[in-house]
Q: 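Pasting a structure below so you can have a look.
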Amino acid sequence: MSTEPQAPQAPENTPAPAAAGAVVRRRYLSEGSEWTFDLLRLYDQEIARVAAHYGLDTYPNQIEVITSEQMIDAYSSVGMPVGYHHWSFGKQFMATQKSYKRGHMGLAYEIVINSNPCIAYLMEENTMTMQALVIAHACYGHNSFFKGNYLFRTWTDAEGILDYLVFARNFVAECEERYGEEAVEEILDSCHALMNYGVDRYKRPAKLSMAKEKARQREREAYLQSQVNDLWRTLPPKESAAKAKQETRFPPEPQENLLYFIEKNAPRLEPWQREIVRIVRKIAQYFYPQRQTQVMNEGWATFWHYTLLNHLYEEGKLTDGFMLEFLQSHTNVVYQPPYYSRAYSGINPYALGFAMFRDIRRICEAPTEEDRRWFPDIAGSDWVKTLDFAMRNFKDESFIAQYLSPHLIRELKLFAVLDDDAEDQLEIAAIHDDAGYRVIRQLLADQYNLGNREPNIQVWNVDLYGDRSLTLRHFMHNRRPLGESTPEMLRHVARLWGYDVRIESVDETGEVELVGECLV
Amino acid sequence: MSAFVDRRLSGKNRSAVNRQRFLRRYKQQIRRAVAEAVSGRKVADLERGEKISIPSKDLNEPVFHHGPGGRRTIVHPGNKEFVTGDRIDRPEGGAGQGGRGGSPEGEGMDEFVFELTKEEFMNYFFEDLALPDLVKKQLTATPEVKKVRAGFVSQGNPANLHVVRSMKQAIGRRLAMAAGPRERLAEVEAALAELEARGEGASAEAEQLREEIESLKAKVAAVPFLDTWDLRYAHRTDQPQPTSQAVMFCVMDVSGSMDEERKDIAKRFFMLLYLFLTKSYEKIDLVFIRHHTVAKEVDEDDFFTSRETGGTVVSSALELMSEIIRTRYPSAAWNIYVAQASDGDNWEDDSPRCRELLVNDILPLVQYYAYVEIQAEHPQSLWHQYEYVKSVNRNFAMQRILGLEDIYPVFRELFRKKATA
């Protein structure tokens with residue numbers, strides 16, 4: 001960070017010298033709702049100035065103005081600026097296009113890409129207010145989160161991602177030419193199905209770059225061609241050795257990264273198919289931090305667009321009309337319908353994240369006696385520093401476990417419902433009272449633990465000396481079984497593996513049960 | 001410092017390939033949906049894009065997920081009545097998670113709905129009918145247009161520059177622009193003449209006037225002879241080729257033996273003829289005549305939906321048609337087309353009468369008469385009589401139809417004629 005964070009006291013008597021001349025002549029940055037490129041630049045400058053004032057550290061921004069059709073395009077390629085071709089993107093595109101045309105939904109007004117420079121899209125249909133909101137939200141909020149949060153720093157390479165995506169698209173297109181669209185599509189379908197299991201949770205990935213990746217891909221291909229795969233060993237094994245080996249499993253330790261295991265070990269994949277598995281795996285890894293930091297990321301961006309634009313308003317640079325329009329969309333974004341509302345579909349990550357960052361600021365600025373008891377280390381501290389620390393060092397799960405305050409639990413009236421299929425009725429496990437605060441906080445944190453949300457499935461064993469079948473194990477959590485998609489999923493795994501695939505569930509007492517099988 | 005890029009002009013159809021992939025993958029389902037859509041449409045209402053829906057379970061992208069059951073705790077906001085330890089019944093809907101589970105795409109419905117463009121829709125429609133490609137092209141092509149003059153415009157390409165009009169414009173402008181100076185010039189010249197008449201032609205005042213005259217003359221001369229805003233261009237607009245009007249008679253047997261499947265084939269047959277006609281005629285009237293033992297003119301809904309029982313007298317329909325033609329569609333003003341569909345049943349003694357009616361009354365008046373016999377066991381009396389009609393008339397076509405792909409040959413004749421015309 002280049003600038004030391006300062007508390008924003010009395011911002012009205014510290015207008016930036018650069019803007020001072022303009023302020024005297026024309027107080028407001030603009031009055032109408034029309035935007036122009038000059039205005040965009042002006043707003044961006046102002047927002048950047050205020051963001052620097054609060055010490056937000058960002059990648060440089062590349063702000064692209066696009067039409068709504070292009071926005072739908074961007075939308076349907078799951079936010080990848082360059083993507084290989086696949087029918088599922090087409091499906092997404094058609095669904096989005098239809099509901100947009102029929103007015104069922106507005107488009108999300110922003111898409112921002114974790115790259116360096118950070119690419120953000122502005123839709124040309126938007127008013128000046130919305131453009132300013134998006135600039136503040138995406139180009140300074142999300143952008144600083146991408147640059148600062150430890151997960152993004154560890155897992156994603158903002159410098160290399162665009163190159164890698166270009167490499168991926170070209171490679172997939174080349175495969176389509178050589179092996180036919182259908183063959184490629186089959187592999188991609190299966191890989192997409194397993195995308196959530198293509199992630200290293202604990203290992204650190206190597207950095208990617210286009211040139212390196214190409215060279216490595218060629219090396220890998222050559223190497224794999226020449227390599228004698230363990231699974232293919234045709235020499236008759238010695239009886240005793242076989243027996244001994246059967247005792248130990250392959251892999252010796254269960255592996256959580258299914259796609260990685262398949263890429264490295266599937267006996268019948270061609271080199272190009274392995275490479276496609278790898279591409280999907282890499283992309284899954286790239287998006288993994290986003291899935292883990294939804295509440296924080298959106299909350300952070302929302303907190304900052306709110307704070308930055310309010311700061312500008314207090315400086316007298318924004319009209320009342322601007323603020324009304326801004327607050328209206330801001331309020332829509334952070335609305336949390338209660339559980340009994342028809343609009344309710346779970347907790348709104350924008351609402352929760354925004355409320356939590358606001359609450360942390362409140363604890364820093366005006367702590368109550370309760371806050372001092374619960375958060376002795378941050379109560380009364382410098383809020384800018386505290387927020388910055390929180391943004392950098394947590395993910396949703398730990399962020400909630402660390403910072404969800406009793407005050408906020410009361411405000412949101414959170415309560416926990418226990419649903420046990422062994423009981424006839426649901427039970428209210430905890431509510432927003434003294435006895436419940438810690439329970440609620442822990443439960444809500446668990447709810448954002450990806451490990452709990454998705455079934456925990458790992459590679460357990462390959463029958464090396466028998467039929468080469470692959471056995472997966474589902475480690476059950478709270479007795480929750482697998483869903484009805486399992487047979488279909490096993491077909492996908494079997495397509496990649498090439499031999500029989502089984503899946504077993506292990507419950508908490510250690511009892512193993514075969515729950516699915518796909519024989520090739 | 002942020003960089004701004006205007007991407008609005010750089011290609012918008014990035015998803016076109018993915019969209020095609022999707023359509024290719026779900027061809028079967030889409031074809032089924034198109035077939036359903038066609039049976040729900042009116043004959044004259046085919047050339048539209050369509051909202052197509054296919055069951056979303058057919059196209060889901062599976063992931064491993066938890067099934068219902070086990071023990072789970074979920075935190076909800078907005079508590080208003082519960083305290084710890086309360087027990088409540090599971091809400092309706094089994095899953096019991098009170099509203100969780102709306103997928104991010106906002107679906108949750110059982111149908112995946114999307115739009116096909118007109119061309120895509122027509123392609124699926126044609127696919128079953130086994131049309132030759134050339135014909136498909138003719139049918140999907142937009143109607144021919146003719147350029148016609150439509151006044152003058154101030155912008156256009158040089159080839160359309162209208163010289164006379166532009167010069168006229170220039171004259172007006174020159175007059176207007178020079179009017180002020182000229183008026184003043186006249187005044188000044190008069191003043192000078194007066195001075196000279198008084199013999200003060202050499203005075204300073206006269207000299208000044210002379211100078212002014214010079215400058216005014218220069219001003220008048222400075223008015224450009226031709227300026228860009230004088231230019232006028234001939235304007236032309238597209239006008240659809242003026243075409244004449246046509247009437248299409250749809251005649252169908254609705255006796256008990258015509259079941260839904262046969263009616264569906266008949267409907268395709270009518271639709272296809274209608275499509276062919278729309279390419280040639282601006283205005284097409286549709287007349288629906290259904291018959292069993294008596295014939296009746298009905299509207300389209302009745303035509304395809306109602307069902308009667310009893311025997312069949314085809315001549316009743318032909319008589320009615322002949323009468324309608326005489327009273328409402330004089331053949332001098334209308335191109336008349338007839339499409340008749342039947343399963344071939346007719347009252348034995350009635351068939352010769354039909355032949356007579358056709359040959360003497362109807363065929364001389366109509367452009368083209370197409371008859372299809374749908375899924376008939378074996379040719380019956382009507383067929384034999386019609387075969388005779390065909391042998392003496394060139395504008396009569398008939399075909400036995402077993403499936404949709406047999407429909408097109410009925411029209412082959414029609415097109416061969418058009419090609420030579």
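A note on names: the letters A, B, ... follow the listed sequences, proteins ahead of strands, and every chain is numbered from 1. Computed from a predicted structure; not experimentally measured.
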Q: Side chain from CB out, backbone as N, CA, C, O: work out which of these in Y59(A) comes under 4.5 Å of a heavy atom of chain B, or both, or neither.
A: neither

Q: Looking at R479(A) and D421(A), is any side-chain nitrogen of the basic one under 4.0 Å from a carboxylate oxygen of the acidic one?
A: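 Between R479(A) and D421(A) there is a salt bridge, with a charged N closer than 4.0 Å to a carboxylate O.
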
Q: Under a 4.5 Å cutoff for heavy-atom pairs, which residue among A435(A), P338(A), G483(A) has the most contacts with chain B?
A: G483(A)

Q: Pick whichever of N478(A), I119(A), L444(A), I428(A) has the most heavy-atom pairs under 4.5 Å with chain B.
A: I428(A)

Q: Under the salt bridge (Lys or Arg N to Asp or Glu O under 4.0 Å) rule, collect the residues that match up with R32(B), sequence neighbours excluded.
A: none

Q: Top residue by heavy-atom pair count (under 4.5 Å) with chain B, among H477(A), E411(A), E423(A), H492(A)?
A: E423(A)

Q: We want to know whether D44(A) and Y140(A) form a side-chain donor-acceptor pair, criterion being a heavy-atom distance below 3.5 angstrom.
A: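 There is such a pair between these side chains.
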
Q: Contact part of D189(A) toward chain B, heavy-atom cut-off under 4.5 Å: side chain, backbone, both or neither?
A: side chain

Q: Answer yes if the side chains of R410(A) and Y437(A) hold a donor-acceptor pair under 3.5 Å, and no otherwise.
A: yes

Q: In terms of heavy-atom proximity below 4.5 Å to chain B, should N452(A) be classed as side chain, backbone, both, or neither?
A: backbone

Q: Check whether I47(A) gets within reach of chain B through its side chain, its backbone, both or neither, counting any heavy atom under 4.5 Å.
A: neither

Q: Considering only heavy atoms and a distance below 4.5 Å, find which of G90(A), P337(A), P455(A) pairs most often with chain B.
A: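 The candidate making the most pairs under 4.5 Å is P455(A).
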
Q: Side chains of E124(A) and T67(A): do they bring a donor and an acceptor to under 3.5 Å?
A: no

Q: With a 6.0 Å cut-off on ring centres, are H474(A) and F64(B) close enough?
A: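 No, ring centres 6.0 Å or more apart.
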
Q: Report which part of A193(A) has an atom under 4.5 Å of a heavy atom belonging to chain B: side chain, backbone, both, or neither.
A: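 The answer is both parts of A193(A).
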
Q: Considering only heavy atoms, which portion of E454(A) lies under 4.5 Å from any heavy atom of chain B: side chain, backbone, both, or neither?
A: backbone

Q: Can you tell me which of L490(A), I440(A), D424(A) forms the most heavy-atom pairs within a distance under 4.5 Å of chain B?
A: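 Among the listed options, the one with the most contacts to chain B is D424(A).
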
Q: With only heavy atoms counted, which part of I457(A) is less than 4.5 Å from chain B, the side chain, the backbone, both or neither?
A: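 Only the side chain of I457(A) comes within 4.5 Å of chain B.
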
Q: Need one label for Q62(A): side chain, backbone, both or neither, based on atoms under 4.5 Å from any heavy atom in chain B.
A: both

Q: Give the ring-plane orientation class for F415(A) versus F82(B), where under 30° counts as parallel, over 60° as perpendicular and anything between as tilted.
A: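 Answer is tilted, since the angle falls between 30° and 60°.
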
Q: Need one label for R87(B): side chain, backbone, both or neither, based on atoms under 4.5 Å from any heavy atom in chain A.
A: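 R87(B) touches chain A through backbone and side-chain heavy atoms alike.
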
Q: Any donor and acceptor pair, going by atom type alone, linking the side chain of E488(A) with main-chain N or O of P62(B) inside 3.5 Å?
A: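 Absent.
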
Q: Please work out whether the ring planes of F22(B) and Y26(B) are parallel, tilted or perpendicular, with thresholds of 30° and 60°.
A: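 Ring orientation of F22(B) relative to Y26(B): tilted.
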
Q: Determine, for E300(B) against K267(B), whether the closest basic-nitrogen to carboxylate-oxygen distance falls under 4.0 angstrom.
A: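 Result for this pair is no, no salt bridge flagged.
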
Q: Taking side chain as everything from C-beta outward and backbone as N, CA, C, O, which of these in L352(A) sits under 4.5 Å from a heavy atom of chain B? Side chain, backbone, both or neither.
A: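 No part of it gets close to chain B.
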
Q: Taking side chain as everything from C-beta outward and backbone as N, CA, C, O, which of these in P117(A) sits under 4.5 Å from a heavy atom of chain B? Side chain, backbone, both or neither.
A: neither

Q: For the pair D299(B) (side chain) and D302(B) (backbone), establish whether a donor and an acceptor sit closer than 3.5 Å, ignoring hydrogens and angles.
A: yes

Q: Among V75(B), V83(B), D86(B), T84(B), single out the residue with the greatest number of heavy-atom pairs under 4.5 Å to chain A.
A: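 Sorted descending by pairs with chain A, the first entry is V75(B).
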
